[in-house]
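The next block holds one structure in the form of structure tokens; read it before the comments.
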Number of protein chains: 2
Amino acid sequence: MPRPKSPLLSRERIRDAALELIDAEGIGSLSMRNLALKLDVRAASLYSHFPGKDAVLDAVANLLTRQVDTSAFERGWREGLETWGRSYHAALSKHPNAAPVVAAGTGRREDFLAMADAVHGGLVRDGWPPRYATMIAASVKYLVIGAATTPFASGFADDTRVYFERYPNLVQAHLIPAHAEEIDSDSFELALGGLIAGLGPLHASLAAADTAKE
Amino acid sequence: MPRPKSPLLSRERIRDAALELIDAEGIGSLSMRNLALKLDVRAASLYSHFPGKDAVLDAVANLLTRQVDTSAFERGWREGLETWGRSYHAALSKHPNAAPVVAAGTGRREDFLAMADAVHGGLVRDGWPPRYATMIAASVKYLVIGAATTPFASGFADDTRVYFERYPNLVQAHLIPAHAEEIDSDSFELALGGLIAGLGPLHASLAAADTAKE
DNA sequence: CACGCTAACCGTACGGTGTTAGTTTTCACA
DNA sequence: TGTGAAAACTAACACCGTACGGTTAGCGTG
């Protein structure tokens, strides 16, 4: 089949199908042939819309990144960080199989940079020195990426009894795979809350030093 | 060549060569053929020592995991978490290309479970309820994995000027790629310190509640 | 000592991967 | 009305993980 009367594909259709495939069957079964199959098309046709597989994955990552909310810095750095971290975490939790895609190549992707820029600006506007803003944004990103790519739920889900006999300390809390997802979100909340609480005194002391200087 | 007089390969030699290859050329160029080439051998021979590529990667991950220090919980949960987090972070920082390998399949690998068990035990022994121990261990793991898999340094190293014009807030702190590595380790330290500081009051209040109960 | 089994290497091949080249047809525009 | 770009195709390349079978060295046992 040569060029069709109306286009069968578009960047959006391809990108959405890729995300669906990743969600449904995992990143391992996202191949160009497989993706094309889902779109009733041959693999080579995809290259009319994307330069390669990496570009398709970038589009997926950008789609997810764009769902992140960086608007709350207007209400202060704590609110900003909390909202940013939570929405970032939520966006990745909705698509756990796609999390590694988002984690890869963060520094190169357009929409990630826009997000990072907004966060950095929000922190600096509320009194954090630029260098600290960089480090704090990185810290929260670490939490989000770590939580999304190595969730508790992805760990010991099956046949717990077998190997847990050898790890007596783990048995206590981990015997309930059903609660794994809850543990994941609670852990992230604890970490984010703890980090923000821990940064409070630092912010205060930096502000005091700033005032003393004037 | 049939069976040689003295074995050319061993699990250790293969595992070490794999790590060297990952360090030198990235995980993308670790193929069974490539690995065999480095060992002056054909790819099929590797299957006499490992059931498959995944097993080789597991061996690499276990090797790195075994370098992590979980002994400091004897001196309290703060010392324990700090030492654990730092040594974990250091082990992965020494092999940044291998970090995703360690991040994958944490809940299934033998040596990771042993580490998790030690950490969980250390936290519980110092007064954290099991459920909190689980969440705190997960939090620090998030930081380590996040920092190792999406380091600042892996981001915008090249051609900064080009795209940074569009992200005014980022320009401030990021123009010095040479400092990227320093920013990475400082960010991790800030996050770990902040998290531990933030957890202090929680530990105190839990201990108080525990005392009140008795 | 001789037998036979297993271990460790090899060559080959199968199905799957990302990607490219070249072909055909349709659409949009000069 | 012609022309070139766009969007689909078929076919092929190089590479991947891995399975199969063949060959021989080493070792335990009668």
Side-chain angles (χ1 to χ4, degrees), chain A residues 1-62 97-98 100-101 104-105 108-109, chain B residues 1-62 97-98 100-101 104-105 108-109:
Chain A
M1 184 198 297
R3 181 176 204 208
K5 304 208 169 185
S6 75
L8 304 177
L9 298 174
S10 71
R11 288 180 59 91
E12 289 72 24
R13 256 173 62 68
I14 294 172
R15 178 249 282 151
D16 294 348
L19 180 55
E20 279 176 35
L21 204 50
I22 291 171
D23 282 343
E25 310 186 28
I27 203 142
S29 45
L30 179 79
S31 68
M32 296 302 266
R33 286 172 176 81
N34 221 328
L35 179 55
L37 196 69
K38 190 180 167 77
L39 291 160
D40 272 318
V41 134
R42 309 288 156 228
S45 310
L46 301 172
Y47 290 83
S48 296
H49 301 266
F50 287 96
K53 187 185 186 182
D54 286 352
V56 177
L57 292 176
D58 276 355
V60 170
N62 280 333
N97 290 342
V101 176
R108 179 177 40 86
R109 267 174 22 235
Chain B
M1 184 198 294
R3 181 176 199 194
K5 304 207 171 188
S6 76
L8 304 176
L9 298 174
S10 71
R11 288 179 59 91
E12 289 72 24
R13 255 172 61 70
I14 294 172
R15 179 247 283 150
D16 294 348
L19 180 54
E20 280 176 34
L21 203 51
I22 291 171
D23 282 343
E25 310 185 29
I27 202 140
S29 47
L30 178 80
S31 69
M32 296 302 266
R33 287 171 174 82
N34 222 326
L35 179 56
L37 196 68
K38 190 180 167 76
L39 291 160
D40 272 317
V41 134
R42 307 293 153 227
S45 310
L46 301 171
Y47 290 83
S48 296
H49 301 265
F50 286 96
K53 187 185 186 181
D54 287 351
V56 177
L57 291 176
D58 276 355
V60 171
N62 279 333
N97 291 343
V101 175
R108 180 176 40 86
R109 267 174 22 235

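Quick caveat: nothing in here was measured; it's all calculated off a predicted structure. By convention in this document, chain letters (A, B, ...) are assigned in the order of the sequence lines, proteins followed by strands, and residues within each chain are numbered from 1.
- Within the 4.0 Å cut-off from OP1 or OP2 of C:dC9, at least one side-chain nitrogen or oxygen of B:H49 is found.
- The A:A44 side chain lies nearest to C:dA21 when the options are C:dA21, D:dA8, D:dT18.
- Look at A:R42 and you won't find any side-chain N or O under 4.0 angstrom from OP1 or OP2 of D:dA8.
- Each of B:D40 and A:D54 lies near DNA chain C, and the nucleotide nearest B:D40 is the one positioned closer to the 5' end.
- Tested against A:S29 for a side chain to side chain contact (heavy atoms under 4.5 Å, CB included), the candidates A:L35, A:N97, A:N34 yield a single pass: A:N34.
- Rounding to the nearest 0.5 Å places CZ of B:R15 at 9.0 Å from CG of B:N62.
- Atoms CZ (B:F50) and C1' (C:dA7) sit 16 Å apart, rounded to a whole Å.
- With values rounded to the nearest 0.5 angstrom, A:R108 atom CZ is found 7.0 Å from A:D54 atom CG.
- Distance NZ/B:K38 to CG/B:L21: 5.5 Å, rounded to 0.5 Å.
- One interatomic measurement links the two molecules: CG of B:L8 to P of C:dC10, which rounds to 7 Å at whole-angstrom precision.
- Taking CD1 of A:I22 as the start and CD1 of A:I27 as the end, the distance is 4.5 Å to the nearest 0.5 Å.
- To the nearest 0.5 angstrom, A:R13 atom CZ is 10.5 Å from A:L46 atom CG.
- Of the residues in residues 9-35 of chain B, those lying under 4.0 Å from DNA chain C by heavy-atom distance are B:L9, B:R33.
- Taking 4.0 angstrom as the limit, B:K5 places none of its side-chain polar atoms (N or O) nearer than this to OP1 or OP2 of D:dA25.
- In this structure, A:K53 places its NZ atom 8 Å from P of C:dT19, rounding to the nearest Å.
- Between the two ends of the helix from C:dC1-D:dG30 to C:dA30-D:dT1, each summarised by a five-pair axis, the helix axis turns through 0° (rounded to 10 degrees).
- Here the side chain of B:P4 is nearest to one of C:dT19, D:dT10, C:dA8, namely C:dA8.
- An OP1 or OP2 oxygen of D:dC9 is reached within less than 4.0 angstrom by a side-chain nitrogen or oxygen of A:S45.
- Taking 4.5 Å as the limit, some side-chain heavy atom of A:S45 sits within range of a side-chain heavy atom of A:L9.
- With distances taken from any side-chain atom of A:S48 to the nucleotides C:dA21, C:dA8, D:dA8, the minimum falls on D:dA8.
- Atom OG of residue A:S31 and atom CG of residue A:L37 lie 8.5 Å apart, to the nearest 0.5 angstrom.
- Looking at every heavy atom in both residues, B:V41 comes nearest to B:L8 through CG2-CD1, 4.1 Å.
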